[in-house]
Amino acid sequence: MKLFRCSCETKPVLYFENVQCGSCGRLTGFCPESMELRPFTPVDSQEPTAPVGEPGPTTPSATNVWQDDEGRKYIQCANWTQHQVCNWMLPLTTNENDQEPRSFSTDAEGLCPACRLNDIIPDLSVAANVPLWHGLEKAKRRCLFTLLELRLPVESDWEVEDESTPPPLSFRFMSDKDANTHFQRPLKGEEPVLTGHADGVITINLAEADDIARVQTRVAMQERYRTLLGHFRHECGHYYWEVFKVVDSEFVDAFRAVFGDENASYQEALDRHYEQGPPVDWQNDFVSTYATMHPWEDWAETWAHYLHIIDTLETQQSFSRNSEVLSDSVREVGLPFAVGSRDNTAASDFDAIMDLWIDASIVLNSLNRSMGLPDPYPFVLHKPIQEKLRFVHNTIKRFYQVSAQSDAGS
Ligand SMILES: [Zn+2]
Ligand SMILES: [Zn+2]
Ligand SMILES: [Zn+2]
């Protein structure tokens, strides 16, 4: 993931999911045509921003037009204005000096290129489904970001003319069990929903968005990693296998040389996998036990890991270019340890520690988001909290001084 910053005074880091800058209070949104997350002000408003430090988004109406710092005009994706599940923006105008922005087809329903891919969304009359859908959309947009960066086709609406056109991509978010029971109780009359890919359609069982249900499955399957983002990346792997097969005549033979013959019976492979488990020495050749099942799953697992790796490294790279954390300042900051990596307790400077930690925690969270994991440090340290932390810091330093004096005195 790229590093995004607001244009306001302190240039705070914005996460890809941000809908508001925590510093200036302006609305923020992602512009897929330029791959930038930007702050916006409403057009025709004298008081565009919420007061600094006052949380609470400026609540726009469905028809609001917004402009970025350069005056380009946008509207928000209809899935934000109606359901608050998307932070992508649709351009109304571009600037002359914009460098060939990627163009997306227009959409009558006011949906962004990511939301336009939805074929089936969860039943929103069930209140418990709404936050789960939100989780799915967040993971989907992260997955799409990397695919867009790779310039892979993600359009939903091209015409399939013949066998030389890959199928368009679409998503179905469906459930066969009741979200109110963490997906324990079956929904009457619903066919089983299997997470998977077929002919460009990626189906994700809504249960995967429920933390309890997903962890239960992860433990039952003896997996070490199971995330929503991982599911999207894996299933996209199956989709792009179909794309490469259609557009690249050498792909299938080359694939078979590395992964084996995909014509092996999938059902037999599935039965064998769940009866016998993976081969004893699977670690030598496969990235996961699931990858041992069939060449297609090996490809999809490998594809997902490739996206994990390049996205997380991109996150690290963009921070290393734009942040103090991965630099000399962290090597040189004085930490208040009597014993430890540095022994200079006198030089420990709370403000330097705090500045570095705020930066470091954002890097930590961003790296985890790139892996589809939750924030390891989901806290915001406002000034009053920093002052309490400073008090702790000073108390410990005083303790060193006091005990040094009493040692000297005894
Ligand atoms: Zn800002
Ligand atoms: Zn959207
Ligand atoms: Zn698969």
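Counting convention: from 1, in listed order, for ligands and their atoms alike.
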Could you pull out the N/O/S protein atoms under 2.8 Å of the Zn ion (ligand 1), ignoring any water?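 Result, waters dropped: C6 SG, C8 SG, C21 SG, C24 SG.
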
N-O pairing of [X] and [Y] below 4.0 Å:
X: E36; Y: R38; answer: no
X: R142; Y: E17; answer: yes
X: E262; Y: R256; answer: yes
X: K177; Y: E190; answer: no

ring-ring contact (aromatic ring centres under 6.0 Å, His included) partners of H83, counting only residues at least two apart: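 With neighbours one apart ignored, the set is W133.
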
Leaving waters out, which protein N, O or S atoms fall under 2.8 Å from the Zn ion (ligand 2)?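 Listed by chain and number, the atoms are C77 SG, C86 SG, C112 SG, C115 SG.
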
Taking every non-hydrogen atom, the tightest pair across N79 and C115: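 What the structure gives for the nearest pair is ND2-SG, 3.1 Å.
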
Would you name the heavy atoms of E208 and R214 that are closest together and state the gap between them?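 It is O-NH1, 2.8 Å.
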
Metal site the Zn ion (ligand 3): N/O/S of E235 inside 2.8 Å: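 Within the cut-off used here (under 2.8 Å), E235 places no N, O or S atom near the Zn ion (ligand 3).
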
With a cut-off of 2.8 Å, does H238 place any N/O/S atom under that distance from the Zn ion (ligand 3)?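 Within the cut-off used here (under 2.8 Å), H238 does place an N, O or S atom near the Zn ion (ligand 3).
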
Could you go through residues 144-153 and list every donor-acceptor pair under 3.5 Å that involves a side-chain atom there, pairing it with any protein atom two or more places apart or in another chain?
none

Are any side-chain N or O atoms of N87 and backbone N or O atoms of V19, one a donor and one an acceptor, separated by less than 3.5 Å?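 No; judged by distance alone, with no hydrogens or angles, the pair does not exist.
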
Can you check side-chain hydrogen bond (donor to acceptor under 3.5 Å, both in side chains) on D69 and S7, steps first, answer last? CA-CA 8 Å; D69 291 345; S7 57; 2.4 Å; yes

Could you identify the N, O or S atom of E297 positioned closest to the Zn ion (ligand 3)?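 Among the N, O or S atoms of E297, the one closest to the Zn ion (ligand 3) is OE1.
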
Out of the candidates K383, K388, R390, only one should pair with Q386 under the side chain to side chain donor-acceptor pair (under 3.5 Å) rule; please name it.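 The passing option is K383.
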
